[in-house]
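Before any comments, here is the structure.
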Amino acid sequence: MNILIVGEGGREHALAWKAAQSDLVDTIFVAPGNAGTQQEAKVSNVAISVDDIDGLILFSRENSVDLCIVGPEGPLVQGITDAFIAAGIKCFGPCKAAARLEGSKIFAKEFLLRHQIPTASYASFSSLKPAVEYVKAQTMPIVLKADGLAAGKGVIIAYSEVEAITTLEDILANALFGEAGASVVIEEFLHGEEASFMCMVAEGKVLPFASSQDHKAAYDGDQGPNTGGMGAYSPAPVVDATMFEKIMTSVIQPTIDGLQTDGLPYTGFLYAGLMIDEQGIPKVIEYNCRMGDPETQPIMMRLESDLVELCLAAVNGSLPACARWSDKVALGVVLAAEGYPASYVKGRKIGFDESLKPVASVKIFHAGTRADGADIVTNGGRVLCVCALGDNTQLAQSKAYAAIEGISWQGMWFRKDIAYRAVRREEA
Ligand code: AMP
Ligand code: GLY
């Protein structure tokens, strides 16, 4: 069978790499893909952008695509799944109505409240004056979130009242995030340790994935500006067996049941961003209607089941309750371009040291890369994600960092402490 994967990041490279291992698959098309997807056996890039839904459907018809797997949130929120299904092509991803869980923070908060799923207390506003009054009555820090999709930049943690008010002015009065910031959620700041919990969902059935944790801050020690994620690892030690059960019963199952109750049949990946507080209570920070990036990369390294078989089972309504996982630790370090997460330079030639032999337990996933003749050049802020499997976190970490020594380009930088919490736990 032929598969179409929509997207161009590290997440999609990892999905394509894993899907290509399936005996069910003849060809995987990735639209538009990157230099890494293009190099994989059985995989071909297709120059169609992720939001050209008509173009993707036309291509799928002409190339006998049997199943589409959608990577990023944009096309899902735009309604790609509805369009594929209407065209008679199977598509793994939530429909437009259900993708609002990510597409609107207000929708998500109302959903959480309605179904009594633990989350931060909040209020929402579409005009400045009442928003400012509300902020003045709260304790700092406080979290301000643009309601709509804002390319991962729509969440601001304000540490002082002045900062909160200035930010509200930027969003509500000065349209900092355009239409996405026409309304804001103002939310209680949660303390604790974050974890990413992803699953596959198919109309009331759920298959939980292995736990993971990413590092959103740019610099070592989780300092500096927020990014899309500078590295990730799986499993997340904070999600032990007890916590896993707690997350399933207090967050995931009520979410699945709530979607059914609300008449929002959900088929696709579902991501709950969680804050686990000192009392061990997991609270939902956000939902994403897709897999996380870079969490997908280490998670796919650990997945032993056939990804395509699972996606097919899901769209056919027979999703199994669990998958097979390697008991090793997987860890990925993002290599970023000069300037990221602010504006960054593109088009720099990436050097891969040919003397470094490929190792089965190490995989370099591409994100912002493009082929330029025989060269591979940078084409995004997050450029590569170097992943390794190891018997424990420290071993996975040293393998990943050793592999990075063979990669360089002008301005390349990365965090040196990915998984430091897990390593500390192992040392204790
Ligand atoms: P998001 O863009 O929704 O992934 O949020 C970015 C980051 O902001 C999250 O990963 C958290 O680190 C942080 N964040 C969001 N909401 C809260 C909250 N209510 N309390 C503390 N941190 C938060
Ligand atoms: N790494 C977090 C996300 O994909 O939203």
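Whatever order the structure lists them in is the order used to number ligands and atoms, beginning at 1. Below, all heavy atoms of this structure are taken into account, side chains as well, without hydrogens, waters or symmetry copies.
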May I ask you to list the atoms of ligand 2 that are less than 4.0 angstrom from any heavy atom of N288?
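Within the 4.0 Å cut-off of N288, ligand 2 contributes 5 (O).
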Search all heavy atoms of H215 against all heavy atoms of A419 and return the closest pair with its distance.
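Distance-wise, the nearest heavy atoms are NE2-N, 2.9 Å.
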Numbering the atoms of ligand 1 from 1, which are under 4.0 Å from a heavy atom of [X]?
X: K216; result: 4 (O), 9 (C), 10 (O)
X: K105; result: 3 (O)
X: E188; result: 18 (C), 19 (N), 20 (N)
X: N226; result: 6 (C)

Counting non-hydrogen protein atoms only, what is the nearest one to atom 11 (C) of ligand 1? Give residue, atom name and distance.
E194 OE2, 3.2 Å
Sub-3.5 Å N/O-N/O distance, M275 and ligand 1
no
Quick one: does E187 get an N or O within less than 3.5 Å of an N or O on ligand 1?
yes
Pick whichever of R290, Q213, M198, E295 has a heavy atom sitting closest to atom 5 (O) of ligand 2.
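It is R290 that holds the nearest heavy atom.
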Just to check, does G292 reach to within less than 4.0 Å of ligand 2 when the distance is taken from its heavy atoms?
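For ligand 2, residue contact (heavy atoms, under 4.0 Å) with G292 is present.
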Touching ligand 2 at all, A232? Heavy atoms, strictly under 4.0 Å?
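A232: no contact with ligand 2 (<4.0 Å).
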Under a 4.0 Å heavy-atom limit, does V155 contact ligand 1 with its side chain, its backbone, both, or neither?
side chain
At under 4.0 Å between heavy atoms, is it the side chain or the backbone of K145 that contacts ligand 1, or both, or neither?
side chain
Please round to the nearest 0.5 Å and tell me the distance separating atom CD1 of I186 and atom CD1 of I171.
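Nearest 0.5 Å value for the CD1-CD1 distance: 8.5 Å.
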Is K216 touching ligand 2 with its side chain, its backbone, both, or neither, if touching means heavy atoms under 4.0 Å apart?
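The answer is the side chain of K216.
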